[in-house]
Peer 1: 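Encoded as structure tokens, here's the structure I'll be asking about.
In what follows, chains carry the letters A, B, and so on, assigned in the order in which the sequence lines appear, proteins first and then strands, with residues in each chain numbered from 1.
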There are 2 protein chains.
Amino acid sequence: MTPKDTDRRSEILDAAAELFAHKGVASTTVREIGESVGIYAGAIYHYFPSKDAIVRELITGYLETLNAEYAAKAPRRLAPRARLRAVVEVSLRTADEKPHATQVYQDQLRNVRDLPEYRRAKALADEVQRIWLETIEDGKAAGVFRADISSKVFHRFLRDAIWLSIKWRHSGDPYTTEELVQDCIAIFLDGFAVRRARRTRPPAPPR
Amino acid sequence: MTPKDTDRRSEILDAAAELFAHKGVASTTVREIGESVGIYAGAIYHYFPSKDAIVRELITGYLETLNAEYAAKAPRRLAPRARLRAVVEVSLRTADEKPHATQVYQDQLRNVRDLPEYRRAKALADEVQRIWLETIEDGKAAGVFRADISSKVFHRFLRDAIWLSIKWRHSGDPYTTEELVQDCIAIFLDGFAVRRARRTRPPAPPR
DNA sequence: GTCTATAGCCCGATAGAC
DNA sequence: GTCTATCGGGCTATAGAC
């Protein structure tokens, strides 16, 4: 495959991602994808065997990046609070860098997770969940997270809040990802209620 | 309109809601809606002028119910913490009672909020948001909620966590709505971290 | 009020020229 | 590698019989 092919391929992938994220996969036509990169619909099929193959590649690529980033930036040796912060930060930064793929993943996974073509995507998604739950369980075992709330419930609340943040951010906000990470950790770990008795621990160091 | 008409109409509405929620609006055909109530596609158009009119009625009905319940169960005279709890509880119970309409609303609102046919739905959605923000701002003014976190950010996190809970619940869980409300309030107000210094206030009274 | 039948349109995907 | 042209099919919505 020549470099030109690679360029064109990823051009198509990017254009499709943007359309899918904006209008939904079902409502986006192959013709529209072609138009937005300046070729005819038929030519798309020179690079991808089907429309669904584009969706699949977007989702798989997103999940691969996410898992690689978790492994690099949120290793198990970190203290639970620091590791959870790292997991949150990686998730938000990845959503920042690949907002369209993130959106497509969230919109589509439920519809496709049981299809045999998506076996690999499902395995990658399961690994993401495993890392989240391990982080939470380790924190409970260390006594820094509350044992009276189910790990799965906490995981889902936090994950959903993070996922959906891509729908209300990027509107030209001055609100940075770093601020979002801080607010996220502040709310989910320390709560929105004003504390009667101040905690003795200093705030988490900036990174 | 005879009672039989009314029955048939809401039968169609319910069947459509279930299909829309499960497969997405775009991927659900009018034929399928007809099949699931035992009539032909053409007959649907005797009750609704278009497929979109069904979607619109579902969304508007959901938002009307939600606003009415807020007014009844979460009046402004409640203390901020109690009112926030009531808003959360009403939101979760309404999602429980109309899971399909809730899902359709969440899936569709972004796509349709600027369409003139959805002016009324948008106004109702704006009122929902106004109540949430008022509750949060009142709590800040009373000194029971943290002033260092943006009300909008907190609102979005909490709202998204609640909304998405319909996607992972109702799987025959023994986990009740009441437990979910409690966990939700516990996490979002008091945080998931173990507290070094115990709060002097007793736990919120059950209702 | 519900049926059958179909108009009219757009879709994903393919074939073959260049 | 991209074009033009088109196939086969599914869609929403309509028309007219009963």
Peer 1: Would you indicate, yes or no, if C:dG1 has its OP1 or OP2 atom less than 4.0 angstrom from a side-chain nitrogen or oxygen of B:H46?
Peer 2: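 It does, given that an N or O in the side chain of B:H46 lies less than 4.0 Å from OP1 or OP2 of C:dG1.
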Peer 1: Tell me, which of residues 23-38 of chain B have any heavy atom that sits under 4.0 Å from an atom in DNA chain D?
Peer 2: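 Those residues are B:T28, B:T29, B:V30, B:R31.
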Peer 1: Listed in order of residue number, which residues of residues 50-60 of chain B have a non-hydrogen atom at under 4.0 Å from DNA chain D?
Peer 2: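 When residues 50-60 of chain B is checked for heavy atoms under 4.0 Å from DNA chain D, the hits, listed by number, are B:S50, B:K51.
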Peer 1: Give a yes/no on whether any side-chain N or O of B:Y47 is located under 4.0 angstrom from OP1 or OP2 of C:dT2.
Peer 2: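 Yes, such a contact exists.
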Peer 1: Can you tell me how the ring of A:H155 sits relative to the ring of A:W132, calling it parallel under 30°, perpendicular over 60° and tilted otherwise?
Peer 2: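 The rings of A:H155 and A:W132 sit tilted, inter-plane angle from 30° to 60°.
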Peer 1: In whole Å, what is the span from the CZ atom of B:R9 to the P atom of C:dT2?
Peer 2: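 Taking atom P of C:dT2 as the reference, CZ of B:R9 is at 13 Å.
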Peer 1: With no hydrogens and no angle check, just 3.5 Å: does a side-chain donor-acceptor pair link A:Y175 and B:S150?
Peer 2: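 Judged by distance alone, the side chains do not pair up.
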Peer 1: Within this structure, what is the OH-to-C1' distance between B:Y40 and D:dT12, rounded to whole angstrom?
Peer 2: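 Answer to the nearest Å: 18 Å.
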Peer 1: Measure the distance from CD1 on B:I39 to P on D:dC18 and round it to the nearest whole Å.
Peer 2: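 Taking atom P of D:dC18 as the reference, CD1 of B:I39 is at 21 Å.
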Peer 1: How are the rings of B:W163 and B:Y105 set relative to one another: parallel (under 30°), tilted (30 to 60°) or perpendicular (over 60°)?
Peer 2: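 Aromatic pair B:W163/B:Y105 classed perpendicular.
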Peer 1: Distance only, no hydrogens: is a donor on one side chain within 3.5 Å (strictly under) of an acceptor on the other, for A:E69 and A:T94?
Peer 2: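 Short answer, no.
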Peer 1: Quick one: do B:K122 and B:E127 make a salt bridge, cutoff under 4.0 Å?
Peer 2: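 Judged by the 4.0 Å cut-off on N to carboxylate O distance, B:K122 and B:E127 do not form a salt bridge.
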Peer 1: Quick one: do the B:Y118 and B:D52 side chains pair a donor with an acceptor below 3.5 Å?
Peer 2: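 Note: B:Y118 and B:D52 side chains meet the donor-acceptor criterion.
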Peer 1: Do the side-chain N and O atoms of B:R169 and B:T177 include a donor-acceptor pair separated by under 3.5 angstrom?
Peer 2: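 B:T177 and B:R169 do have a side-chain donor-acceptor pair below 3.5 Å.
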Peer 1: Choose from C:dG12, D:dC3, D:dT14 the nucleotide whose nearest atom is closest to any side-chain atom of A:Y45.
Peer 2: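 Output: C:dG12.
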Peer 1: Roughly how many Å is it from CG in B:L19 to P in D:dC11, rounded to a whole number?
Peer 2: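 Rounded to the whole Å, the gap is 13 Å.
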Peer 1: For the residue pair B:F154 and A:F192, categorise the inter-ring angle as parallel (less than 30°), tilted (30 to 60°) or perpendicular (more than 60°).
Peer 2: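 Parallel: the ring planes of B:F154 and A:F192 meet at under 30°.
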Peer 1: Atom CZ of A:R8 and atom P of D:dG1: how far apart are they, to the nearest Å?
Peer 2: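 Distance check: A:R8 CZ to D:dG1 P gives 11 Å.
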Peer 1: Mind calculating the distance between CD1 (A:I44) and P (C:dA13) to the nearest angstrom?
Peer 2: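 Computing the A:I44:CD1 to C:dA13:P distance gives 11 Å.
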Peer 1: Output a table of donor-acceptor pairs, distance under 3.5 Å, between side-chain atoms of residues 12-22 of chain A and any protein atom two or more places apart or on a different chain; print 'none' if there are none.
Peer 2:
none

